[in-house]
Every structure is written in C-alpha cells, then in structure tokens.
Protein chains: 2
Amino acid sequence: MATEHTGTGDPARSLALLWRSAAPAPRRGPRPGLDVDRVVAAAVALADAEGLGALSMRRVAGSLGVAPMTLYTHVPGKAELVDLMLDAVLAELYADGPVTGDWRQRLTAVARANWELFVRHPWAVRIGAGRPPLGPGVLAKYEQELRAVDGTGLTEVQMDLVVTLVNGFVAGTVRGLHDRAGAERESGVTEEQWWAATAPYFARVFDADRYPTVARVGPVAGAELQAAYDPVRTFEFGLERLLDGIGLLIVG
Amino acid sequence: MATEHTGTGDPARSLALLWRSAAPAPRRGPRPGLDVDRVVAAAVALADAEGLGALSMRRVAGSLGVAPMTLYTHVPGKAELVDLMLDAVLAELYADGPVTGDWRQRLTAVARANWELFVRHPWAVRIGAGRPPLGPGVLAKYEQELRAVDGTGLTEVQMDLVVTLVNGFVAGTVRGLHDRAGAERESGVTEEQWWAATAPYFARVFDADRYPTVARVGPVAGAELQAAYDPVRTFEFGLERLLDGIGLLIVG
DNA sequence: CGGGCCAGAATACGGTGTACGGAGAAACCG
DNA sequence: CGGTTTCTCCGTACACCGTATTCTGGCCCG
C-alpha cells in the first residue's frame, strides 16, 4: 500500500494535463491508440478495485493492453498520474448540484458527500495532498465548500479554516474505516479472526492493574462499537461535536 | 513513500516481541550481535531522518552494518518491524506523567502531546493502524487519554469516542503539516518555488467567473495563512472548535 | 570431541518506476 | 515521389524493493 504525493514534476505539464489544455493534437506521426482520459480511468478502476498498493504502471498498462512504457507517452510519471486520478474523482463531488439549507445542513452535506466519495474511492484519502492538483475537480470542490459557509458572517480566513477542518475530519475518520478494511484485504484475515488469534496472547500480557481505565472502558466500548461499526459511529458522533463547535463560532 | 499497515503476521510472535516476552535468550549458538531494540531504534532513526519511504530493510541493515537478511533473525518481517516502531514512539507520550487540570485542559494537553509526537516522528501518522500493535506504548497512551476524559460524566462509549475523535483530529491536521514538508523533501522544491512555478500557469486556467467564492476567499486566506503557517493555524482553530463541541456534550 | 543449535549472510526471485534508444507509422516539404 | 521529421509505441536494462532458501561458521551440551 503506497502513499503517493501530489504536486510533483513540471507544474506547467501537470496543469496542462489536468485542464486538458495541452498543445493541440499533433498532426504528424501515428494516431495515438490511447489518451490521458483512458489512462486515468483505468488507473482509477484499478485503485478502486484493489487499492493504491496495486497501482503500478505495469498493472495499469496491462489493463489497457499496452506495454508499461507506453503510458509515459501520455503522462510524465506515476506521480502525475495520481494527481490526475485524484482530480478526476473529486470532480464527482456535488455533481448533482450545490449543497443547500442552513449552514449546518450545508456543512453536514459537505461532510457526507466527502465521506461517500472516499467510500467509493478509498485510495483517494491516502494521497498526501500538500500540493493539491489544481485541476477542475479540486477547484469545483473548494468552490462549493466555500459556498456552504458563505453568508454566515465568517471572515474569509475563517471560511477557509472551517472548510479545511471539516475536510480533515472526514479524511481522518474515513481513514479509520479504510485502515480496517485494508488490513483485512491485505492479510486475508477478518477482524474477528484477528482478534480471536490475538486475544489469548493479549490477555497474557495485559495487566488490568497497570491500565485500570482501559480495563474498565475497553470491554464496554469494544462490545458496543463492534456492533455499531466504529468508524461510522465515530464519524456521526464527531460530526455532531464538530458542528456544535463551529456553531458557537458562527452563532456565538 | 509507503503507508504501512499494522497488525499483520502471527499475533503471538508480534505480541511477544512488543512486550519483549519472547522465549529466553538461546543458550547455544553464536552470541547475537544485534537485538530487537537496536533494530527498532535504527529503523525509527531512519524514518525520522528520511521518512517512511526511505525505510527499507536494506537501509536499516546498512545503518547497522549488517546484511539485510540478518534483520529477519530478529523480526519476522517489515510489517512487524513497523508495529514495533510505532509502539516504541508512542511510549514517549506522557513520559513526564499524566495530563492534569480540568477536562478541557487535559484534552488540550492530549492533543498537543500527540501533535508534538507526530512532529518529532512524522512517519508515525502515516501508519494505517486499523489493527494497532497492542504493546506497552499503545496501552499506556490509551490509558492516559481515557483518564483525561474520566470523571466528566461521559459513558464509557462516549469516552472512547472522544478520545478517538481528538486523536483523529490531531492525526488529520498533522498530516497537512507533513504533506507540505514531505512534498518539499521529496521534490527538493520549496513551497514558494513550487507556487512561483505553478502560479503563472494556474492564472491561465483559473476562471474567476466560474469560481467566484474561491476568487474572493482564496487570495485572502492564502495571504494570511501563508504567514501564519496554515496547518498549525488549522490545528489551533480546529482544536478550539472541537473542544467547544465536546464541551456541549460534557457540560450540556 | 562431535553433533546440534543458532546467528548471519549470500544468492536468487518476483516485484517496482523509468531512462534510453530503436522500430515503424504518418505527415510535411522540396 | 522520396527523404526528412515527427510522433507513438515498446523492448531492454538498471537500480531499487521484500524475503525465501540454503550454506557457513561459531558456540553449547552431552
């Protein structure tokens, strides 16, 4: 499983690819049998199906029926491909139109939309986006999310901070969801099996006198959250707390 | 840059290593020139210095002056080594004693302690811990953090949820910090250089009429947050909002 | 003393991204 | 029309990765 970084390589080339504003199609030479959109779509499909760890140039090329080096005719490198993938899936957000309602409803919708996107594309949350691909998907997302907190009396800086906060919350929470799913997929061992295998040995090393609060809270939380599917419960619980806190900022 | 997963391999072996409760040292055979602690320390030092992407068995072995396969005498595999590394650094938390004060002060201290740990060990936040290494470091952390919200009137489940929420918030925010630092380290291009290279092309594709809110908010937030070092500001701002929200739950 | 145990390491294999250069197709231009 | 240029595609190679397997040599124990 790999974490990829955005924002590498030549900015001009990357932005041209993101906005599909590269030079006009060449006039000479053989007609291409492949284009950027198809490469990106194949890569997204592979990552969706098998996770970011399965995303190799060889695998993407194989799924397109071409040689690995062929991909480099269309994208400068793997990192740039990942930029393109991320921007492509972010473009799915708010495709049905902007979020509506009062500020709380709008922020709730923003959080849920992002959550659902990362559920559809688990790999997307793994991408270190310190230098986001400034493509149409990213810009549309940022625009719609800023609008969700527009007209609330927040300053521009506060608006940006709230949007960043909600995004960070969702990303962090959905990571928990995927960490569990990823561990299962990569090991082929379900959580129940893992715990069944681990618990006997854990019981041997765990000293309730040394960790009294864990001994009290752990079994109760474990029993209840196991049933309620912990990362989702965490999301719902956390979103309420976060919105309450943001509400104090907006409403006072 | 790799994201590693915790919780793989044989649970018995992993737990024995985590708690250093493996069978007594063998009596026969050559005296080991190496032990688990030294392997873990070398791996932590390498990851601290160069990030998780530089963490290969060959590199760790090289820093210890041994052949790569030698490491496998001491740890079953790379995944288990990563478990050990994570547990080792988490053991640094609250080493000076538990957090004190009222519930808000305690949670603030928990958040800050975690933030500072991840600043010291940036790689630690990259580890998908869906199946946490249940070693002394992880257990001590969980114990202290549960104590920070003990006696507040929250149920055991709520305690666990609040601890998870705060941890997720810190992890998500510090990732932003590291995403930026990581992009710079891997590309050798500072953020200013990157923006200087990107901005001219971005200006060409960016249409203010299509993204009016971004056009209004972006420059203001960018100017102010650039100076205030955005991920830290996000952390401070977000922590206040989050604590306000948790406060409504605790105090009503 | 000799056999067995054990740490260490050499070798090899299957996997990764991509540099480099060649082959062949298609367009351009004199 | 033919030579040159442009362009897509891809084979080969290299440096890197984790680790399976087997061999070597040191040390303990009966």
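From a predicted model like this one, the values you see are computed outputs, not experimental measurements. Reminder, nothing fancy here: chain letters follow the sequence lines and each chain counts from 1.
Within the 3.5 Å criterion, the main-chain N or O of B/D48 finds no donor-acceptor partner in the side chain of B/R120. Between the side chain of B/H121 and the main chain of B/M85, no donor-acceptor pair closer than 3.5 Å is present. A donor-acceptor pair is defined here as one N or O able to donate and one able to accept, closer than 3.5 Å; no such pair exists between the side chain of A/R180 and the backbone of A/E191. Side-chain atoms of B/K141 do not come within 3.5 Å of backbone N or O of B/N114 as any donor-acceptor pair. Checking side-chain atoms of B/W19 against main-chain N and O of A/F206 turns up no donor-acceptor pair under 3.5 Å. Side-chain atoms of B/H74 never come within 3.5 Å of backbone atoms of B/R38 as a donor-acceptor pair (strictly under, hydrogens ignored).
When the P atom of C/dT16 is taken as reference, atom CG of B/L55 falls 20 Å away, rounded to whole Å. Residue B/L46 contributes atom CG, which lies 10 Å from atom P of D/dC17 at whole-angstrom precision. For A/M57 and C/dG15, the CE to C1' distance is 16 Å, given to the nearest whole Å. Here D/dC17 presents its P atom at 14 Å from CG of B/L81, a figure rounded to the nearest Å. Atom CZ in B/R58 sits roughly 12 Å away from atom P in C/dA10 (whole-Å rounding).
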Distances under 3.5 Å between protein N/O atoms and the N/O atoms of nucleotides 28-30 of chain D, please, pair by pair.
unit_1: D/dC28; atom_1: OP1; unit_2: B/R31; atom_2: NH1; d: 3.4
unit_1: D/dC29; atom_1: OP1; unit_2: B/R27; atom_2: NE; d: 3.3
unit_1: D/dC29; atom_1: OP1; unit_2: B/R27; atom_2: NH2; d: 3.1
unit_1: D/dC29; atom_1: O4'; unit_2: B/R28; atom_2: NH2; d: 3.1

What nitrogen or oxygen pairs link the protein and nucleotides 22-24 of chain D at under 3.5 Å?
none

inquiry  = I'd like to know whether A/Y94 forms a side chain to side chain donor-acceptor pair (under 3.5 Å) with A/E143, so could you lay out the CA-CA distance, the side-chain angles of the two residues, the decisive distance to 0.1 Å, and finally the verdict.
reply    = CA-CA 10 Å; A/Y94 319 116; A/E143 175 69 21; over 6 Å; no
Original post:
Could you go step by step and tell me if B/V60 and B/M57 meet the side-chain contact (heavy atoms from CB on, under 4.5 Å) rule?
Top reply: CA-CA 5 Å; B/V60 175; B/M57 301 304 266; 5.6 Å; no
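Of the listed nucleotides (D/dT8, C/dT18, C/dA7), D/dT8 has the atom at the smallest distance from the side chain of A/P30.
Annotation: proximity of residues 62-74 of chain B to DNA chain C (heavy atom, distance under 4.0 Å) is found for B/V66, B/A67, B/M69, B/T70, B/T73, B/H74, numbered in ascending order.
Test A/L81, A/L18, A/L84 against A/V36 for side chain to side chain contact (heavy atoms under 4.5 Å, CB included) and you get one pass: A/L84.
Within 6.0 Å of atom OH in A/Y211, more than 12 heavy atoms from other residues, nucleotides or ligands are found, so the atom counts as buried in its surroundings. For CZ of B/R27, the number of neighbouring non-hydrogen atoms (other residues, nucleotides, ligands) closer than 6.0 Å is 12 at most.
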